[in-house]
Amino acid sequence: MRMYEILAKKREGEELTKEEIQFFISGVTDGSIPDYQITALLMAICIRGMTRRETSALTMAMEHSGDTVDLSSLPGIKVDKHSTGGVGDKTTLIAAPIAAALGVTVAKMSGRGLGHTGGTVDKMESIPGLRTALSREEFFDVVRKTGLSVVGQSGNLDPADKKLYALRDVTATVESIPLIASSIMSKKLAAGADKILLDVKTGSGAFMKTQQDAEMLAREMVEIGRSVGRETIALVTDMDVPLGNAIGNTLEILEVCQTLRGHGPQDLTVLCLELASNMALLAGAGDTIESCRAAARKALESGAALQKLCDMVSAQGGDASYLQHPETFSRAPVKHELFSDRDGYITHMNAEACGEAAMILGAGRIKKEDLIDHSAGIWLLRKTGDAVRAGEVLAVMETAEERFVAEAEPLLRSAYQIGSQQPERRPLILKRIAKSE
Ligand code: URA
């Protein structure tokens, strides 16, 4: 088999066979296919697309390109949860403990933030002592003890995706539904859960800017899960506005604590309850989505979910007293308020610009190797739909040095559009896709 022929076939829009896709992924993984041929095929896929059969074959080949995790020795039905990424998205640290409090086994690998989107592992590492790099045995022990563990992705999981993603990032080939679907699902399948809940984001802070594209991506991933016997549900949810009020690692942990105490922002609370209810339904912890919703609300209100998170944090070496007394977290020395310059309503927010402003303040990284400042970030006091008066505070920036504020402030200001008409509220949960169509 020759890569040249595979390229020519995809250039003409023909369907690749499973063997050709396997040949491609083996060559990506062992380095025998040069980058120029890999990127030529990625671009051809971007332009010509892939059939569902091709996307499934690509996913499976990537899943088996490195280590896979066998969770079968752990008790119960293991349910994973994945968000396609956004700004202020701390849902894993709320929804997973709620689900675990309902008896769902959650043994989960999460990522770090890159660009304008944050990552769960970075947020977790703002909790003093908490370890996210556990050996396989330690990871399993935490799950056996508490029913919940969230760790960083292990070394050799899906190496083909690592290589492909790095090349896609610099060749304008990220925006392809078959490439995104196979990238996400190959990692989820390799991570070993029995069932998968996906939160597919759409809007200004998401990869998928339109609801139509987000639904197509969600359907593709639900179908991949079905085709390999791992039941998958996808919620398509709004990311036109940052989720909750906190952006930045420690600040988001403070908001996790508020939410698990029942005092969180409404959008974040509603979404986390819905995610946890769907995880519970997938695990068979309730017969209907309605009974799972009622149980999830109870687990939140009773404090059982907060206790689950504390148990996990302690079991992973962290100091859970910070979650009980969030005022003890160390905070950034510089606090700078952003004021509104007029009366009106916030008609639109650019969530991506908010994420980028937080990154400039120190909360995120531009390159993988960059260090982050866990205490840096933004509190949004006003969001889309809110009324505001001239001179009122829209947001508070927290950072290590004034010079970061000078750079971040214009960007954060540009993220707010203020007009005279109150905009219609967009629904937060736009669609639930539970079987392939
Ligand atoms: N997240 C991934 O893991 N892969 C993509 O291609 C896009 C988002």
Side-chain angles (χ1 to χ4, degrees), residues 74-84 86 88-108 110 120 123-124 143 146-150 188 193-201 218 222 231-239 243-246 252-253 255-313 320 323-324 427-434:
L74 293 172
I77 297 177
K78 276 70 71 179
V79 182
D80 202 347
K81 173 240 163 225
H82 180 83
S83 156
T84 58
D89 184 351
K90 64 284 287 175
T91 52
T92 290
L93 296 173
I94 304 166
I98 299 174
L102 299 181
V104 181
T105 306
V106 186
K108 178 167 171 44
S110 282
T120 302
K123 296 172 215 244
M124 289 170 70
V143 179
T146 70
L148 168 68
S149 181
V150 182
K188 292 291 107 186
D194 302 310
K195 312 220 174 179
I196 301 161
L197 177 68
L198 300 167
D199 181 4
V200 181
K201 304 284 192 194
V222 168
E231 190 183 355
T232 302
I233 295 178
L235 301 183
V236 176
T237 72
D238 185 60
M239 186 33 81
L243 193 57
N245 300 325
E252 293 192 41
I253 294 290
E255 196 165 66
V256 165
C257 297
Q258 271 177 6
T259 307
L260 287 174
R261 283 203 162 71
H263 309 305
Q266 210 217 350
D267 58 348
L268 180 62
T269 305
V270 166
L271 179 55
C272 290
L273 284 170
E274 194 59 19
L275 292 168
S277 310
N278 277 281
M279 290 172 79
L281 189 69
L282 279 167
D287 295 333
T288 62
I289 189 72
E290 288 74 24
S291 65
C292 291
R293 284 184 184 130
R297 180 158 285 287
K298 206 160 152 206
L300 182 75
E301 287 169 356
S302 66
L306 176 61
Q307 188 55 51
K308 264 289 166 213
L309 183 64
C310 291
D311 292 347
M312 182 198 86
V313 165
L323 303 182
Q324 302 292 358
L428 179 63
I429 298 165
L430 298 158
K431 192 116 189 165
R432 179 174 183 273
I433 298 171

Given 3.5 Å as the limit, does a donor-acceptor pair link the side chain of K123 with the main chain of D89, or not? yes
Where G88 and E252 come nearest, the two heavy atoms and their spacing: C-OE1, 3.6 Å
Is there side-chain contact between V200 and I433, with heavy atoms separated by less than 4.5 Å? no
For N245, is there any backbone N or O sitting under 3.5 Å from a side-chain donor or acceptor partner on E255? yes
Distance col, row L430:CG vs T237:OG1, nearest 0.5 angstrom, shows 7.0 Å
What I'd like to find out is whether the side chain of I98 reaches to under 4.5 Å of the side chain of I94, using heavy atoms alone. yes
Of all heavy-atom pairs between P97 and A305, which one has the smallest distance, and what is that distance? CB-O, 3.4 Å
S277 OG to L235 CG distance, which is reported to the nearest 0.5 Å: 9.5 Å
Please determine whether side chain to side chain contact (heavy atoms under 4.5 Å, CB included) holds for the pair L300 and T269, giving the CA-CA distance in whole Å, both sets of side-chain angles, and the decisive distance to 0.1 Å. CA-CA 9 Å; L300 182 75; T269 305; 4.0 Å; yes
Closest non-hydrogen atom pair between A299 and L102, with its separation: CB-CD2, 4.0 Å
Check the pair M239, T84 against side chain to side chain contact (heavy atoms under 4.5 Å, CB included), reporting the backbone distance first and the verdict last. CA-CA 10 Å; M239 186 33 81; T84 58; over 6 Å; no
Check for a donor-acceptor pair, side chain of D194 on one end and backbone N or O of K78 on the other, with a separation under 3.5 Å. yes
Search all heavy atoms of L281 against all heavy atoms of C292 and return the closest pair with its distance. N-SG, 3.6 Å
Look up atom CZ in R293 and atom CG in L273, then write down how far apart they are to the nearest 0.5 Å. 10.0 Å
Separation between CG (L323) and CD1 (I253), nearest 0.5 Å, reads 7.0 Å
Got a second to check how far I233's CD1 is from L198's CG, nearest 0.5 Å? 9.5 Å
Determine whether M124 and V313 make a side-chain contact, defined as any pair of heavy atoms from C-beta on separated by less than 4.5 Å. no
When every non-hydrogen atom of L260 is compared with those of L93, the smallest separation belongs to CD1-O, 3.9 Å
Could you check Q324 against R261 for side chain to side chain contact (heavy atoms under 4.5 Å, CB included), going step by step and ending with a plain yes or no? CA-CA 10 Å; Q324 302 292 358; R261 283 203 162 71; 3.4 Å; yes
N-O pairing of K201 and D199 below 4.0 Å: yes
Backbone of P75 reached by a side-chain donor or acceptor of T105 within 3.5 Å: yes
Straight-line distance of K308 NZ to L148 CG, nearest 0.5 Å: 7.5 Å
In short, I77 meets A283 closest at the heavy-atom pair CD1-O, 3.5 Å
Indicate yes or no for a side-chain donor-acceptor contact from K90 to the backbone of A246 under 3.5 Å, with no hydrogens or angles considered. yes
Is the closest side-chain heavy-atom distance between V106 and V79 below 4.5 Å? no
Can you check whether K108's main-chain N or O pairs, donor with acceptor, with D80's side chain at less than 3.5 Å? no
